[in-house]
Amino acid sequence: MAADRGLQPDQSERLYVMRDIMHPRFWRLCWSKPGSDCYVMAEGECSARYYTRMMDAIAAGQRRYGETATRAPWSDSRA
């Protein structure tokens, strides 16, 4: 990172799948650093994509981002 270039991503974030906290029936994709419980959703709230099955979210992550999402360790396990 250099002052004249601004913030530069370090590419250490991973794609995770988790239950949506407002709609726990659905799954969403999010980005987070491994070992952290802080995350950012892959889409904003206005463009949110919800998936009824975890496998559907994982497949969408492979198509859209070229990365296989893993289940977020902090995700609610209730079905």
Side-chain angles (χ1 to χ4, degrees):
M1 181 172 96
D4 62 332
R5 293 179 52 208
L7 292 175
Q8 300 295 312
D10 64 5
Q11 306 300 318
S12 64
E13 290 78 15
R14 298 287 177 254
L15 189 63
Y16 289 97
V17 60
M18 63 177 279
R19 288 204 179 271
D20 185 74
I21 58 173
M22 298 301 290
H23 307 284
R25 284 185 17 197
F26 298 103
W27 296 88
R28 288 188 66 190
L29 295 168
C30 65
W31 295 98
S32 180
K33 288 186 182 269
S36 173
D37 60 356
C38 296
Y39 58 89
V40 63
M41 299 313 262
E43 305 91 12
E45 289 307 310
C46 292
S47 60
R49 296 190 184 198
Y50 298 95
Y51 304 94
T52 54
R53 297 182 323 145
M54 183 173 66
M55 294 307 298
D56 293 337
I58 292 170
Q62 289 170 331
R63 283 191 310 273
R64 296 177 67 213
Y65 303 112
E67 187 168 334
T68 301
T70 57
R71 187 185 186 119
W74 64 87
S75 181
D76 185 358
S77 62
R78 289 177 289 160

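Minimum interatomic distance between Y65 and L29 (heavy atoms only, all atoms of both residues): CE1-CD1, 4.2 Å. Shown here for V17 and A69, the closest heavy-atom pair between the two residues is N-CB, 4.1 Å. Closest non-hydrogen pair, M18 versus C30, comes out as SD-SG, 3.7 Å.
For E67, the side-chain hydrogen bond (donor to acceptor under 3.5 Å, both in side chains) test picks out no residue, with sequence neighbours left out. R53 pairs by the side chain to side chain contact (heavy atoms under 4.5 Å, CB included) definition with D56, not counting sequence neighbours. Applying the side chain to side chain contact (heavy atoms under 4.5 Å, CB included) rule to T68 yields the partners I58, Q62; only residues at least two apart in sequence or on another chain are considered. By the side-chain hydrogen bond (donor to acceptor under 3.5 Å, both in side chains) test, R14 pairs with no residue at all, sequence neighbours left out.
A heavy-atom distance below 4.5 Å is found between the side chains of W31 and L15.
Taken from CZ in R25 to CZ in R19, the straight-line distance is 10.0 Å, to the nearest 0.5 Å.
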What donor-acceptor contacts under 3.5 angstrom involve side-chain atoms of residues 34-42, with partners at least two apart or in another chain?
| residue | atom | partner | partner atom | Å |
| --- | --- | --- | --- | --- |
| S36 | OG | C38 | N | 3.0 |

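For the ring-ring contact (aromatic ring centres under 6.0 Å, His included) condition, the pairs that include at least one residue of residues 42-64, sequence neighbours left out, are H23-Y50, F26-Y50.
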Working for side-chain contact (heavy atoms from CB on, under 4.5 Å), residues R64 and R49:
CA-CA 12 Å; R64 296 177 67 213; R49 296 190 184 198; 3.6 Å; yes
